[in-house]
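To start, the structure itself, in structure tokens.
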Protein chains: 2
Amino acid sequence: MINTRVAVAIHTMALIASRPNDDLPSDDIAASVNTNPVVIRRILGMLKRAGLIRTTAGKAGASLTRDPEKISLLDVFHAVEPNGSLFAVHDNPNVHCPVGKGIRTVLDEAFGAAQHALENKLSSETLQDILHHLFDDA
Amino acid sequence: MINTRVAVAIHTMALIASRPNDDLPSDDIAASVNTNPVVIRRILGMLKRAGLIRTTAGKAGASLTRDPEKISLLDVFHAVEPNGSLFAVHDNPNVHCPVGKGIRTVLDEAFGAAQHALENKLSSETLQDILHHLFDDA
DNA sequence: ACCACCTGTAACTATTCTAATTACAAGGAT
DNA sequence: ATCCTTGTAATTAGAATAGTTACAGGTGGT
């Protein structure tokens with residue numbers, strides 16, 4: 001299972017986007033997410049390194065670097081999940097076995113295609129969509 | 001990252017399918033995968049419980065319960081990864097916050113759609129395709 | 001300048017997952 | 001009977017996750 005950082009990061013981004021005029025300290029974000037402020041600051045750091053937000057050391061508040069409709073869930077996903085591949089493959093299969101010899105290449109292709117499908121879907125949903133669902137729905 | 005059980009299970013299924021006339025003991029499969037036989041037997045157990053293979057206690061060899069073209073990678077994935085959801089979501093977000101209140105539903109939808117895209121791709125590739133890539137390619 | 005509040009980050013911990021391993025009960029084949 | 005096998009429990013080491021404490025240093029109001 002993929003860690004909760006992705007979920008927490010989206011929650012955090014939605015909170016920042018929904019209150020552009022408030023300077024939310026990490027304690028407030030943590031209170032909404034229900035976790036420790038340090039967990040939030042770690043995630044804010046990753047979002048910042050990915051170029052999605054701006055923060056200032058010592059000063060409360062983060063802001064988006066671009067409009068919510070230009071930030072996809074894939075952007076957030078990659079920001080907090082820098083590991084390239086979703087599927088692990090076992091090491092050193094026996095190359096003297098025809099199956100062992102070729103399995104890495106075949107699995108890399110199949111898993112790559114599956115991951116690409118997932119990422120493609122994540123890239124089609126934006127932070128703006130999230131905000132819309134949170135605030136404009138029934 | 002998703003565990004190596006999926007990769008090992010596909011490797012194992014390919015091995016079984018590629019040698020329908022041999023009764024492979026778990027030691028032989030383990031030698032091809034490069035792991036411990038018990039790891040293989042555990043995975044064979046999951047594949048059996050999922051109805052993908054037949055095995056007999058005490059007797060070497062496993063066989064597919066249906067043709068390789070009727071076994072998708074999604075079947076294998078579900079067999080060894082029974083956990084329903086791919087993405088974890090944090091517990092107990094603050095319901096007194098508008099974002100915290102609705103985030104679970106929104107994330108469940110977004111993550112569900114992404115997972116569905118991945119599963120759809122996995123369901124479109126069969127064990128037969130794997131065998132083809134292993135044996136009929138350049 | 002002081003002070004309250006904040007960020008950024010290191011360090012430590014508990015928990016969980018994974019994979020490897022040992023051990024063994026019980027089935028199958030000759 | 002004996003040997004090889006499966007199925008499974010129990011234990012272990014290692015990695016990842018998330019929570020926590022602690023603190024160095026920035027920010028801004030007074």
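Just so it is clear, the structure is predicted and the values come from calculations on it, not from any experiment. Throughout, a chain's letter reflects where its sequence line sits, starting with A, and its residues are numbered from 1.
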Checklist entry - Going by heavy atoms closer than 4.0 Å, what residues in residues 22-39 of chain A are next to DNA chain D? => result Thr35(A), Asn36(A), Val38(A), Val39(A)
Next on the checklist: Do Val99(A) and Phe135(B) have side chains that approach each other closer than 4.5 Å (heavy atoms only, starting at C-beta)?
Outcome noted: yes
Tabulate protein N/O versus nucleotide N/O from nucleotides 25-28 of chain D, keeping only pairs under 3.5 Å, one per line.
unit_1  : atom_1 : unit_2   : atom_2 : d
dG26(D) : N2     : Gly58(A) : O      : 2.9

Checklist entry - Just checking, is any N or O donor in the side chain of Arg54(B) or Thr65(B) under 3.5 Å from an acceptor N or O on the other one? => result no
Item to check | Length of the line joining Ile40(B):CD1 and dT8(D):P, which is rounded to integer Å | outcome: 16 Å
Checklist entry - So, do Asp91(A) and Asn34(B) sit near enough that their side-chain heavy atoms are less than 4.5 Å apart? => result no
Next on the checklist: Without decimals, in angstroms, what is the distance between Ile43(A) CD1 and dT17(D) C1'?
Outcome noted: 11 Å
Checklist entry - Has the side chain of Arg42(B) got a donor or acceptor atom sitting under 3.5 Å from an opposite partner on the base of dA20(C)? => result yes
Next on the checklist: Using whole Å, what does the distance between atom P of nucleotide dG8(C) and atom CG of Leu47(A) come to?
Outcome noted: 11 Å
Item to check | Donor-acceptor pair present, Arg49(B) side chain and dT8(D) base, under 3.5 Å | outcome: no
Checklist entry - For the side chain of Arg41(A), counting heavy atoms from C-beta on, which of dT6(D), dT9(C), dG7(D) is nearest? => result dT9(C)
Checklist entry - Got Leu118(B) and Phe111(A) here, is their nearest side-chain heavy-atom distance under 4.5 Å? => result no
Item to check | Any Lys48(A) side-chain N or O less than 4.0 Å from OP1/OP2 of dG8(C) | outcome: yes
Next on the checklist: Strictly below 4.0 Å, N to O, side chains only: are Asp75(A) and Arg66(A) in salt-bridge contact?
Outcome noted: yes
Checklist entry - With a 4.5 Å heavy-atom cut-off, do Cys97(A) and Leu15(B) have their side chains touching? => result yes
Checklist entry - For His132(A), does the NE2 atom sit with more than 12 other heavy atoms under 6.0 Å from it, leaving out its own atoms? => result yes
Checklist entry - Base, sugar-phosphate, or nothing for Arg5(A), non-hydrogen atoms under 4.0 angstrom? => result sugar-phosphate
Checklist entry - CG of Leu44(B) versus C1' of dT5(D): gap in Å, rounded? => result 12 Å
Checklist entry - If only side-chain N and O atoms of Thr55(B) are considered, is one of them under 4.0 Å from the OP1 or OP2 phosphate oxygen of dG7(D)? => result yes
Item to check | Interatomic distance, Asp91(B) CG vs dT15(C) C1' [rounded to whole Å] | outcome: 14 Å
Checklist outcome for this item: Taken to the nearest whole Å, CG/Asn3(A) to C1'/dT18(C) is 16 Å
Item to check | Test item: Leu64(B) and Leu127(B) side chains (from C-beta on) under 4.5 Å apart, heavy atoms | outcome: yes
Checklist entry - Do His90(B) and Thr35(A) touch side chain to side chain, with heavy atoms closer than 4.5 Å? => result no
Checklist entry - Once you round it to whole Å, what is the distance between P of dA18(D) and CD1 of Ile2(A)? => result 12 Å
Next on the checklist: Just the rounded figure in Å: distance from C1' of dG28(C) to CZ of Arg54(B).
Outcome noted: 18 Å
